[in-house]
Amino acid sequence: MALVRVREHVNPLSRHYDRAIEPPNWSQLFRQLDRPLHLDIGCAKGHFILAMGAQEPTWNFLGLEIREPLVHQANRWAEERGLENVRYLPCNANRSIRPLLASLPPGIVQRVTIQFPDPWFKKRHQKRRVVQPSLVKDLAEFLPLGAQVFVQSDIEDVAIEMRDRFCEHAAFRLTHSLPWLTQNPLPIPTEREKSVLDQGLPVYRALFDRI
């Protein structure tokens, strides 16, 4: 696979990214729109849902990524592999998640993943992190009962913040009694997850039900 060179991090609060995208015509994006939809927020190069789409052909998969060149590349890979159930959109999730969810058929989003998001370590930059209270609120409003949200990171502070923001919302219930899941509940690990585990380092995971 030829790779596109892009900046590793972009500021989601800059003027260029601080806007919502126009929702697509979903019936043109997915051939069978009545399938359950897995939404991967911050999908990076998109390899995770490429593999998931091949393994779970009865689901649709949508990746959201702020870096547009990666989205174009990932869509080409999906088309080359004949995966009609995998598509990607370029957007700032915190600005676009609400209009996107509102435009989808009700109840269609059954699973959301947010995996290894940009940590933005400096305190003044943490407002750029993807899991903000507004994002949690929008997911709570549009996800149907029984939908699941899975978050993970190798940065403990980032994982704690993501977990706590979902725990603080009454619409979400942690599915496990321990602070973190010891195993990934999904059949496909991300590239980052494999790299971290190969180094013998911990991954912090949490799974939520929409109640």
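In what follows, every heavy atom counts, from backbone to side chain, and hydrogens, waters and symmetry copies are set aside. This structure is a prediction, so every number in the text was calculated from the model and none was measured.
- Listed by chain and number, the residues in a salt bridge (charged side-chain N to carboxylate O under 4.0 Å, His left out) with E84 are R31 (sequence neighbours excluded).
- No side-chain donor-acceptor contact under 3.5 Å links D209 and T175.
- F116 and M52 fall into different hydrophobic clusters, where Ile, Leu, Val, Met, Phe, Trp and Tyr side chains are chained together by heavy-atom contacts under 4.5 Å.
- Neither side chain, E193 nor Q115, offers a donor N or O lying under 3.5 Å from an acceptor on the other.
- E65 contributes a side-chain N or O that, together with a main-chain N or O of R67, makes up a donor-acceptor pair within less than 3.5 Å.
- When all heavy atoms of F30 and V86 are compared, the pair lying nearest together is CE2-N, 4.2 Å.
- Put simply, CD on E141 and CG on L139 are 10.5 Å apart, with the number rounded to the nearest 0.5 Å.
- Nearest heavy atom pair, residue H169 against residue A140, reads CE1-CB, 3.4 Å.
- Judged by distance alone, with hydrogens and angles left aside, the side-chain atoms of N92 form no donor-acceptor pair with the main-chain N or O of I66 at under 3.5 Å.
- To the nearest 0.5 Å, atom CG of residue L174 and atom CD1 of residue I211 are 11.0 Å apart.
- Taken to the nearest 0.5 Å, the CG atom of N85 stands 11.5 Å off from the CG atom of L62.
- Put simply, F208 and L39 are part of the same group of oily side chains (I, L, V, M, F, W, Y) that touch within less than 4.5 Å, one to the next.
- Here the closest non-hydrogen pair linking R35 and Q32 is NH2-OE1, 2.5 Å.
- Residue D154 forms a salt bridge (charged side-chain N to carboxylate O under 4.0 Å, His left out) with just one option from K194, R205, R192, and that option is R192.
- F172 and W180 fall into different hydrophobic clusters, where Ile, Leu, Val, Met, Phe, Trp and Tyr side chains are chained together by heavy-atom contacts under 4.5 Å.
- If you take CD on Q183 and NE2 on H176, they are separated by 12.5 Å, rounding to the nearest 0.5 Å.
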